[in-house]
Amino acid sequence: MHMPPYHPPKKYSVRIDGHRTSISLEPLFWEKLTTAARMRNQSINALVAEIDAERIRAETPPGLAGAIRIWLVTHEKGGWIAPAAPSSVGDGH
């Protein structure tokens, strides 16, 4: 039986609306986030900004890292491929 890649979270730097922030994610989730951004033809910053905007609108918003993990789990089954919806959120370039 193959063991999952257990690893404590690491800090990663991203930009949301021109502001630098860091998020603590396990490397497995960072790799999944990178893959999702690439499949959606987005930068990681743009995808994180989109997830951040969605989480802020939630009735009980989680922290950003938690929102990213939730987004990845709920979108993993083919949802990554769908192009990002047009929004007013900056792409973080």
Side-chain angles (χ1 to χ4, degrees):
M1 182 163 134
H2 179 46
M3 290 291 292
Y6 293 111
H7 195 284
K10 293 172 66 175
K11 286 203 181 278
Y12 298 93
S13 183
V14 294
R15 256 185 209 280
I16 300 173
D17 292 331
H19 302 285
R20 282 188 92 65
T21 189
S22 64
I23 51 175
S24 293
L25 288 173
E26 294 77 5
L28 175 67
F29 284 107
W30 182 256
E31 289 171 24
K32 288 181 176 292
L33 183 65
T34 301
T35 299
R38 188 175 347 122
M39 302 231 3
R40 293 165 58 95
N41 293 317
Q42 287 181 291
S43 68
I44 289 175
N45 291 337
L47 180 53
V48 169
E50 184 179 315
I51 294 167
D52 187 48
E54 286 178 12
R55 91 174 168 94
I56 290 169
R57 289 190 304 266
E59 188 174 318
T60 54
L64 180 56
I68 290 169
R69 289 184 193 97
I70 292 166
W71 187 93
L72 288 168
V73 169
T74 58
H75 286 77
E76 192 166 30
K77 301 259 194 254
W80 292 349
I81 296 170
S87 72
S88 60
V89 176
D91 74 0
H93 284 289

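Treat the numbers as computed from the prediction; the structure is a model and nothing was measured. Hydrogens, waters and symmetry mates are skipped; everything else that's a heavy atom, side chains included, is used.
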Measuring only between side-chain heavy atoms, which start at C-beta, is L47 closer than 4.5 Å to R40? yes
Considering only heavy atoms from C-beta outward, does the side chain of E26 approach that of P8 to under 4.5 Å? no
Indicate yes or no: at least one non-hydrogen side-chain atom of I51 is less than 4.5 angstrom from one of L72. no
Mind jotting down which residue pairs meet the ring-ring contact (aromatic ring centres under 6.0 Å, His included) criterion with at least one end in residues 49-68? Sequence neighbours excluded, please. none
R20/S13 under side chain to side chain contact (heavy atoms under 4.5 Å, CB included): CA gap, chis, key distance, verdict: CA-CA 7 Å; R20 282 188 92 65; S13 183; 2.8 Å; yes
Between P27 and Y12, which heavy-atom pair has the shortest distance, and what is it? CA-OH, 3.5 Å
Using modelled atom types and a 3.5 Å cut-off, is there a donor and acceptor pairing between side-chain atoms of N45 and backbone atoms of R15? yes
Would you say W30 ends up clustered with I16 if hydrophobic residues are merged whenever their side chains have heavy atoms under 4.5 Å apart, either directly or through other cluster members? yes
Side chain to side chain, R69 and L25, heavy atoms closer than 4.5 Å: yes
Listing request: all salt bridge (Lys or Arg N to Asp or Glu O under 4.0 Å) pairs with a residue in residues 52-68, at least two apart in sequence or in separate chains. D52-R55
Would you say F29 and I68 make side-chain contact, with heavy atoms under 4.5 Å? no
Below 4.5 Å, heavy atoms only, C-beta onward: do I56 and P61 meet side chain to side chain? no
Any idea which heavy atoms bring I44 and L33 closest together, and the distance? CG2-CD2, 4.0 Å
